[in-house]
Amino acid sequence: MSTEKLSFEDFQPGRRFALGPKLVTTEEIIEFASEFDPQPMHLDEAAGRVSILGGLAASGWHTSSMFMRMMADSYVLHSLCEGAPGVDLMEWRKPVLAGDTLSGHSTVLEARPMRSRPGMGIVKFRHEVENQRGELVCVSENSVMFGMRARPADIGINPETSA
């Protein structure tokens with residue numbers, strides 16, 4: 001297996017990256033909610049059952065965090081990722097319940113070199129995460145910055161003086 005990291009050039013429109021699977025446990029839902037979103041439906045099974053969520057449910061922020069980990073494991077940690085300028089869309093479509101298994105994919109929508117940062121490009125993704133029943137639980141779109149294989153400094157170009 002190659003140890004070369006994915007660079008901007010590897011993120012062509014249409015390319016898909018698999019996410020997951022990720023089993024969601026009761027313990028992690030309660031642990032996350034206890035620290036970051038201590039609402040009853042995220043802390044107690046009975047409260048979750050009587051809520052519109054129908055059971056002990058992960059906070060939307062927890063869902064987003066699990067999705068981020070699946071992205072990191074799939075391609076971010078194996079790339080020249082330089083971070084993201086923000087999130088354009090984040091929708092939590094269905095509750096993520098204790099015992100669900102999440103999986104999905106990230107699809108490259110567009111990619112372009114950055115004028116403001118020579119040697120880097122920006123890639124826009126659409127992400128879809130489903131539960132084990134094939135129900136869409138989370139949709140997100142965002143752009144991510146990636147280093148290029150041949151950065152200007154690597155090929156003897158000084159970005160400060162080149163036109």
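Positions are given from 1, in the same order as the sequence printed here.
Across all their heavy atoms, G147 and E82 have their closest contact at N-CG, 4.2 Å. Nearest heavy atoms, L56 versus D44: CD1-N, 3.6 Å. Between V108 and F11 the shortest heavy-atom distance is CG1-O, 3.6 Å. Closest approach of C138 and T63 over heavy atoms only: CB-CG2, 4.0 Å. The minimum heavy-atom distance linking S143 with A84 is given by the pair O-CB, 3.2 Å. P85 approaches I122 most closely through the heavy-atom pair CG-CD1, 4.0 Å.
Remark: M120 CE to M114 CE distance equals 5.5 Å, nearest 0.5 Å. For the atom pair K94 NZ and E130 CD, the distance stands at 12.0 Å (nearest 0.5 Å). In this structure, H105 NE2 and M70 CE are separated by 11.5 Å, a value rounded to the nearest 0.5 Å. Between the CD atom of E135 and the CZ atom of R93 there is a distance of 12.5 Å, given to the nearest 0.5 Å. Expressed to the nearest 0.5 Å, how far OG of S103 lies from CD of Q132 amounts to 9.0 Å.
Shown here are the side chain to side chain donor-acceptor pair (under 3.5 Å) partners of H127, two or more places apart in sequence or in another chain: S106, N142. S7 is linked by a side-chain contact (heavy atoms from CB on, under 4.5 Å) to E9, D10, L80, R149, counting only residues two or more places apart in sequence or in another chain. Every residue was checked against the side chain to side chain donor-acceptor pair (under 3.5 Å) condition with Q12, not counting sequence neighbours, and none meets it. Not a single side chain to side chain donor-acceptor pair (under 3.5 Å) links S74 to another residue, sequence neighbours left out. Considering only residues two or more places apart in sequence or on other chains, E110 meets the side chain to side chain donor-acceptor pair (under 3.5 Å) condition with none of them.
Residue pairs meeting the salt bridge (charged side-chain N to carboxylate O under 4.0 Å, His left out) criterion with at least one member in residues 52-65, sequence neighbours excluded, do not occur. Residue pairs meeting the salt bridge (charged side-chain N to carboxylate O under 4.0 Å, His left out) criterion with at least one partner in residues 49-58, sequence neighbours excluded, are E45-R49. Sorted by first and then second residue, the salt bridge (charged side-chain N to carboxylate O under 4.0 Å, His left out) pairs involving residues 55-79 (not counting sequence neighbours) are R69-D73. Applying the salt bridge (charged side-chain N to carboxylate O under 4.0 Å, His left out) rule to pairs touching residues 23-38 yields K22-E28, sequence neighbours excluded.
K5 places no side-chain N or O within donor-acceptor distance of the main-chain N or O of V76, the cut-off being under 3.5 Å.
Hydrophobic cluster membership differs between I30 and V50, with clusters built from Ile, Leu, Val, Met, Phe, Trp and Tyr side chains linked at under 4.5 angstrom. If you chain together hydrophobic residues whose side chains sit under 4.5 Å apart, M90 and L109 never meet in one group. Following chains of ILVMFWY side-chain contacts shorter than 4.5 Å, one can reach M68 starting from I29, so the two form part of one hydrophobic cluster. In the hydrophobic clustering of ILVMFWY residues, with side-chain heavy atoms under 4.5 Å counting as a link, L23 and M71 come out apart.
Taking 4.5 Å as the limit, every side-chain heavy atom of F125 sits out of range of all side-chain heavy atoms of T107. Residues V144 and S79 form no side-chain contact, since every pair of their non-hydrogen atoms from C-beta on lies 4.5 Å or further apart. Between V129 and M66, the closest side-chain pair of non-hydrogen atoms is not below 4.5 Å. The shortest distance between side-chain heavy atoms of Q39 and S59 does not fall below 4.5 Å. Under the 4.5 Å side-chain criterion, counting only non-hydrogen atoms from C-beta, W92 is in contact with S64.
Residue V139 is found in a hydrophobic cluster whose other members, listed by chain and number, are L89, L136; membership requires side-chain heavy atoms under 4.5 Å apart, directly or through intermediates. Under a 4.5 Å side-chain heavy-atom criterion applied to ILVMFWY residues, the cluster that includes L97 comprises that residue alone. Residue I52 shares its hydrophobic cluster (ILVMFWY side chains chained together at separations under 4.5 Å) with M41, L53.
Residue R117 places its CZ atom among 12 or fewer non-hydrogen atoms of other residues, nucleotides or ligands, all under 6.0 Å distant.
Taking the six-membered ring for Trp and the full ring otherwise, the centers of Y75 and F146 sit at least 6.0 Å from each other.
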